[in-house]
2 protein chains.
Amino acid sequence: MPKKTFFRLPVEKQQRLIQAAHAEFSRVPFNEASVSNIIKAAEIPRGSFYQYFEDKADIFFYDLGLLRDSSKQDLEKTLLAVQGNLFKAVRQFFTEMAEEIINGENAQFYKHLFLHMDYKNRRKMSPELMHAKQDDGLQFLVENVNYDLLKIGADQPEALRILFHELMTTVFQSIAAYYLQQESNHAITIEQVQERFELVLGWLEHGASNEV
Amino acid sequence: MPKKTFFRLPVEKQQRLIQAAHAEFSRVPFNEASVSNIIKAAEIPRGSFYQYFEDKADIFFYDLGLLRDSSKQDLEKTLLAVQGNLFKAVRQFFTEMAEEIINGENAQFYKHLFLHMDYKNRRKMSPELMHAKQDDGLQFLVENVNYDLLKIGADQPEALRILFHELMTTVFQSIAAYYLQQESNHAITIEQVQERFELVLGWLEHGASNEV
DNA sequence: GAAAACAAATGACATAACGTCACAAAATGT
DNA sequence: ACATTTTGTGACGTTATGTCATTTGTTTTC
């Protein structure tokens, strides 16, 4: 998290910094992004940057957090709207999300995010659902999912967490696959992304094995 | 790939370099590893390093390739041994692999590999199966899988590729989950890793949805 | 076996990024 | 008005990267 000093800054200056950072993280993946470029664009001295943020990662995840907050992706509401049908909720969530991520104004930022985020940092980019508390972020899910539709009992919260994690992985993977194809000149349409996601989600839902 | 010059080097010198690199990549994740440390340990001048390798990534993936070659993990043979039963093959593969990765001598290297490999570079760490050719790496799979056991027809090679990719993701994810737990002081046993993997694989095989 | 052609080795160099620190400036409190 | 705290600043030490001119070694050719 940014340091206290940052939040005491004039809003205009805060925005200038965040915009500069956002531009840099849209230009290149996190590892290639440089603090030097950010401060140059924001026109603030080097020392100030480190007065506001711990380091590059600090401002990156703060920026990412802002993006999430401003987006309409809210799995919680969706889950309630579909009476706790987890698969249905994830389907709907993906449809809304894919459109924004692929064609929205932050597409470049998301591209670098999805292609270069590793397992270790994956947790930090999960959707609103697990937003509030890190420790027990899936409490809402555990309480509001309809267990009748799953091979998971209400007494198996850990299994539910794992399933959710797997579903999110599938979401991320599908998006990443899109960007990968794009880079290798085999661009696919957003409909094909949807199809691919549907295919994998179908397997997770009903199995890929042929039980005759 | 290393440059031609590297392969003309005395074997002893090659090994010295690779060992130094391996130690460095075991010490810290790829992004934190430095060429400077590698050349210091290998006792070769800086200029030489760049005569042999393009950059850090070059020697990293070469090292990784050597590891794969020396390991017994061979999905192809396994697939034949189980008459093309893909799920059975992956199960067996995972059992063999998990043990080596978690308790083998290269555990530290693997830890950094699994926790920090992103979507973009994931492909480069796939098992022997897709070893030979990058372009059409899954040809063997397409030809030797028993389609009767899957909800995928022999006329849907693309779907099979996606399923395989998903299975490998599950493998990687399970390993990564182990290391993550370890870091957060909730260490789990290798048996629990197996259980977790079995759970997810079961979903992919038979679905997580309750079709009553 | 000398000369020419090619290959490999070397470390100084230019460049760029990082995070810190001592000091200056501004703001706030009393 | 002065003291105290907070913020601003950019030069600095450090560390890393990849290149290049030059030297050293090896092979080929006549």
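Chain A is the first sequence line, chain B the second, and so forth, proteins listed ahead of strands; every chain is numbered from 1.
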Can you classify the ring geometry of A:F172 versus A:F114 as parallel (below 30°), tilted (30 to 60°) or perpendicular (above 60°)?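 Rings of A:F172 and A:F114: perpendicular, over 60°.
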Take the angle between the ring planes of B:F60 and B:F109 and call it parallel below 30°, perpendicular above 60°, tilted in between. parallel
For A:D55, what residues pass the side-chain contact (heavy atoms from CB on, under 4.5 Å) criterion, not counting sequence neighbours?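 Only A:A57, A:D58 meet the side-chain contact (heavy atoms from CB on, under 4.5 Å) criterion with A:D55.
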Please report how far the helix from C:dG1-D:dC30 to C:dT30-D:dA1 bends, comparing the axis fitted to its first five pairs with the axis fitted to its last five, to the nearest 10 degrees.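 That helix has its two terminal axes inclined by roughly 10°.
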Heavy atoms of other groups near B:K3 NZ, more than 12 under 6.0 Å: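 Yes.
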B:V200 and side-chain contact (heavy atoms from CB on, under 4.5 Å): which partner among B:V171, B:L167, B:T170?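 Option passing the side-chain contact (heavy atoms from CB on, under 4.5 Å) with B:V200: B:T170.
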Is any side-chain N of the basic residue among A:R91 and A:E198 closer than 4.0 Å to the acidic one's carboxylate O? yes
For B:K111, is there an ion pair with B:E183 - N to carboxylate O distance below 4.0 angstrom? yes
Could you list where the contact with chain A starts and ends along DNA chain C, reading 5' to 3', using a 4.0 Å heavy-atom cut-off? C:dA17 to C:dT20
Kindly compute the distance separating CZ (B:R27) from OG (B:S34), expressed to the nearest 0.5 Å.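 Atom-to-atom, B:R27:CZ and B:S34:OG are 7.0 Å apart.
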Close side-chain approach of [X] to [Y], heavy-atom, < 4.5 Å:
X: B:L113; Y: B:Y110; answer: yes
X: B:Y119; Y: A:Q173; answer: yes
X: B:L163; Y: B:L86; answer: yes

Can you give me every donor-acceptor pair (side chain of residues 45-54 of chain B, partner residue at least two apart or in another chain, under 3.5 Å) with its distance?
residue : atom : partner : partner atom : Å
B:R46   : NH1  : B:S36   : OG           : 3.4
B:Y52   : OH   : B:K13   : NZ           : 3.4

Contacting residues from residues 7-18 of chain B, given that a heavy atom lies under 4.0 angstrom of DNA chain C: B:R8, B:L9, B:K13
When all nucleic acid strands are considered with a 4.0 Å heavy-atom cut-off, which category describes B:Y52: base, sugar-phosphate, or nothing? sugar-phosphate
Answer with base, sugar-phosphate or nothing: what part of the nucleic acid does A:S48 contact at a heavy-atom distance below 4.0 Å? base
Are the side chain of B:H112 and the backbone of B:F25 linked by a donor-acceptor contact shorter than 3.5 Å? yes
Reading nucleotides 15-23 of chain D 5' to 3', which nucleotides get B (base under 4.0 Å from a protein heavy atom), which S (sugar-phosphate only), which -? -SBBB----
